[in-house]
Amino acid sequence: MKITTAAGNLQAQRADTLLVNLFEETEPGGATSAVDKAAGGSIARILDLGDFKGELNSTTVAYVDGAIPADRIVVVGLGKEAEFTANRAVQAAATGVRKAKELGTKNVATVAFGAGAGGLQAAEAAEATTLGAVLGLYTFDRYKSKTDDDKKEIDSLTVVEFDRSKVRQVRAGVGDAQILGDSVNMARDMVNSPGSDMTPTALAEQARAMCRQNGIKCSVYGPARIKRLKMGALWGVAKGSREEPRFVVMEYEPSGRSRGTLAVCGKGVTFDSGGISIKPGAAMDEMKMDMSGAAATVGILRTAAVLKLPVRVVGLIAATENMPDGLAVKPGDVLTARSGKTIEVLNTDAEGRLILADALDYAHSFKPDAIIDLATLTGAVIVALGHEATGAMATSADLVDRLKQAGDYTGERVWELPLWSEYEEAIKGKIADINNTGGRAAGSIAGGMFLKHFARDVPWAHLDIAGTAWSDKGKPYSPGGATGVGVRLVTRLLREWTKPPSADKS
Ligand code: BES
Ligand code: ZN
Ligand code: ZN
């Protein structure tokens with residue numbers, strides 16, 4: 001889909017569908033009203049009849065009889081004006097373009113959602129609208145011999161701005177959204193790919209290719225280097241699989257003055273069978289998504305580089321399968337992590353924290369001002385927060401507050417769980433320094449407490465995305481399956497970053 005910006009009136013556009021919006025229980029204003037008047041009041045008739053009220057993500061279609069070049073107008077509801085957010089603009093735009101696609105539309109023209117009564121800046125509104133379109137039209141059909149809606153593809157989207165003084169801002173917003181949307185969709189593609197295709201080797205190659213395209217420094221380590229770096233926890237998981245592990249280092253350096261360094265560590269378990277502590281069969285197929293943190297890390301590095309964000313970002317990916325091969329780590333085995341800490345593996349299915357232990361430790365060699373890890377770490381976070389929020393655990397209240405704010409803005413919600421020292425008891429080692437599991441209670445926190453040992457004194461936040469990285473139902477801007485969570489969240493954090501977070505909690 002080609003996305004462009006145009007100056008002028010929406011109603012004059014040569015597109016087969018015009019996409020406009022309406023706040024709940026309000027009279028049409030701005031572009032919606034202008035289009036309606038030019039088209040002979042067909043939207044007003046729908047509203048008069050009470051057939052459409054403007055509820056969030058509801059749609060109606062008004063047909064045009066020759067008065068303007070377009071064939072139809074899709075109207076999408078923005079919900080209550082008082083509850084409006086940029087994320088609602090993303091949702092509504094996604095709903096609108098999906099409706100247009102369903103109708104077989106080829107060319108859509110629209111306006112920046114929320115720029116008028118919604119109170120968003122022109123660039124912000126244009127970004128939200130375009131992002132909704134790019135994310136909303138995402139499909140994963142690479143593995144279908146022929147797709148059901150092969151013919152139904154939108155070829156072009158034009159974001160039209162009436163006020164000439166704002167066209168530049170709209171163009172910038174459209175451009176940023178394309179970068180962001182493509183990065184999220186790239187992460188989604190990686191996660192949706194079957195485990196046998198998205199192996200640790202393939203994952204590292206994808207990361208390398210992305211880096212090459214965007215001028216990011218990238219190194220990929222194989223088994224020998226991993227062992228030489230003493231990453232015994234990562235190796236402990238990796239040796240249970242025939243697939244070789246990979247450790248990926250991506251370094252984005254801003255061309256101007258940097259406002260600090262953020263290290264992002266991604267869990268890259270390309271398939272989690274559970275290992276010797278094997279998982280039950282039901283829905284095991286979904287465990288190809290256990291590299292969602294790694295995929296998000298690739299997406300984050302991409303947006304940072306292409307948007308030229310003023311923060312140095314180091315992306316670290318620990319990639320391996322978790323399999324029950326003959327040499328696999330066994331319950332009761334003790335591994336020595338890179339930091340020197342010894343770990344008794346009580347459950348081989350708690351492998352994410354093992355590989356991240358070494359990634360977090362290695363992150364320190366880049367002297368980061370902050371570390372964020374993204375990991376599909378625990379089923380327990382789904383019990384606690386469902387699929388609506390990512391669980392955050394942190395050693396910096398400042399960092400976690402920034403993540404929460406970024407979550408509220410993007411809709412990739414974040415909620416904090418505590419890492420109080422009282423929880424340490426649960427993972428205290430009997431024969432080694434620490435255990436990799438802490439019993440049934442507070443499962444996500446036990447994971448966080450474990451990782452805290454390796455994040456040490458650098459302001460750090462752990463994001464448990466087990467509930468948010470995959471969606472059975474989908475959302476207006478996600479068809480179900482991989483969500484690409486984390487890319488928008490951390491990109492927002494980086495865009496709002498003025499200075500490094502403080503280490504204000506221990
Ligand atoms: N990859 C899983 C966590 C997961 C569960 C991700 C559901 C996505 C959806 C992780 O490696 C795991 O198996 N965790 C165990 C930890 C337990 C053994 C302490 C879990 O959550 O059961
Ligand atoms: Zn596991
Ligand atoms: Zn896992």
Side-chain angles (χ1 to χ4, degrees), residues 191-192 195 198 200 203 233-234 236-238 240-241 243 245 265-296 317-324 328-333 335 343-359 373-391 393 417 423 426-427 434-451 462-473 480-486:
V191 175
N192 281 325
M198 190 49 58
L203 171 52
L234 168 59
V237 177
S241 166
E243 289 288 345
C265 300
K267 171 178 174 182
V269 174
T270 57
F271 186 75
D272 183 8
S273 71
I276 298 297
S277 315
I278 201 158
K279 284 182 182 295
M284 206 204 263
D285 58 288
E286 282 178 16
M287 281 302 130
K288 67 177 183 180
M289 60 75 97
D290 213 18
M291 36 60 74
S292 296
I317 293 173
T320 178
E321 282 188 333
N322 186 24
M323 296 289 277
V329 67
K330 293 173 271 292
D333 284 357
L335 302 173
I343 305 161
E344 186 178 359
V345 179
L346 296 184
N347 188 320
T348 67
D349 198 9
E351 83 296 342
R353 62 199 73 181
L354 296 174
I355 69 171
L356 280 173
D358 287 339
D373 74 71
L374 294 122
T376 45
L377 209 78
T378 65
V381 81
I382 309 175
V383 178
L385 300 171
H387 298 282
E388 294 307 324
T390 290
M393 285 145 262
L417 301 173
Y423 290 109
I427 57 164
I434 45 176
N435 297 332
N436 81 328
T437 59
R440 284 179 60 80
S444 302
I445 294 174
M449 291 303 290
F450 180 96
L451 295 176
H462 157 56
L463 297 173
D464 192 336
I465 56 171
T468 47
W470 189 264
S471 163
D472 288 333
K473 291 199 311 273
T483 61
V485 75

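Just so we're clear, the structure is a prediction, and the values are computed from it rather than from any experiment. Numbering of ligands and ligand atoms starts at 1, following listing order.
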Of the backbone and side-chain N, O or S atoms of L377, does one lie nearer to the Zn ion (ligand 3) than 2.8 Å?
no

Partner of S277 under side chain to side chain donor-acceptor pair (under 3.5 Å), chosen from N322, T437, T348
T348

Suppose we only allow N, O or S atoms; which atom of D272 ends up nearest to the Zn ion (ligand 2)?
OD2

If you look at each N/O of ligand 1, which protein N/O atoms lie under 3.5 Å away, and at what distance?
{"unit_1": "ligand 1", "atom_1": "1 (N)", "unit_2": "K267", "atom_2": "NZ", "d": "3.3"}
{"unit_1": "ligand 1", "atom_1": "1 (N)", "unit_2": "D272", "atom_2": "OD2", "d": "3.1"}
{"unit_1": "ligand 1", "atom_1": "1 (N)", "unit_2": "D290", "atom_2": "OD1", "d": "2.9"}
{"unit_1": "ligand 1", "atom_1": "1 (N)", "unit_2": "D290", "atom_2": "OD2", "d": "3.0"}
{"unit_1": "ligand 1", "atom_1": "1 (N)", "unit_2": "T376", "atom_2": "O", "d": "3.3"}
{"unit_1": "ligand 1", "atom_1": "11 (O)", "unit_2": "K267", "atom_2": "NZ", "d": "3.2"}
{"unit_1": "ligand 1", "atom_1": "11 (O)", "unit_2": "D272", "atom_2": "OD2", "d": "2.9"}
{"unit_1": "ligand 1", "atom_1": "11 (O)", "unit_2": "D349", "atom_2": "O", "d": "3.0"}
{"unit_1": "ligand 1", "atom_1": "11 (O)", "unit_2": "E351", "atom_2": "OE1", "d": "2.8"}
{"unit_1": "ligand 1", "atom_1": "11 (O)", "unit_2": "E351", "atom_2": "OE2", "d": "3.0"}
{"unit_1": "ligand 1", "atom_1": "13 (O)", "unit_2": "K279", "atom_2": "NZ", "d": "2.8"}
{"unit_1": "ligand 1", "atom_1": "13 (O)", "unit_2": "D349", "atom_2": "O", "d": "3.0"}
{"unit_1": "ligand 1", "atom_1": "13 (O)", "unit_2": "D349", "atom_2": "OD1", "d": "2.8"}
{"unit_1": "ligand 1", "atom_1": "13 (O)", "unit_2": "D349", "atom_2": "OD2", "d": "3.1"}
{"unit_1": "ligand 1", "atom_1": "14 (N)", "unit_2": "L377", "atom_2": "O", "d": "3.3"}
{"unit_1": "ligand 1", "atom_1": "21 (O)", "unit_2": "G379", "atom_2": "N", "d": "2.7"}

Nearest 0.5 angstrom please: D272 CG to D290 CG, how far?
4.5 Å

Hey, are T376 and S292 close enough side-chain-wise for a donor-acceptor pair under 3.5 Å?
no

Stepwise, does the side chain to side chain donor-acceptor pair (under 3.5 Å) test hold for T483 with S471?
CA-CA 7 Å; T483 61; S471 163; over 6 Å; no

To the Zn ion (ligand 3), the closest N, O or S atom belonging to D290 is OD2

If you consider just the N/O/S atoms, which atom of E351 is the closest one to the Zn ion (ligand 3)?
OE2

From the options V381, L374, L385, L463, select the one residue that forms a side chain to side chain contact (heavy atoms under 4.5 Å, CB included) with T390.
L463

So which of L354, I355, V237 actually passes side chain to side chain contact (heavy atoms under 4.5 Å, CB included) with V269?
I355

Please answer whether the main-chain N or O of G467 pairs with a side-chain N or O of H387 as donor and acceptor at a distance below 3.5 Å.
yes

Short side-chain to backbone donor-acceptor contact, T320 and P245, under 3.5 Å:
no

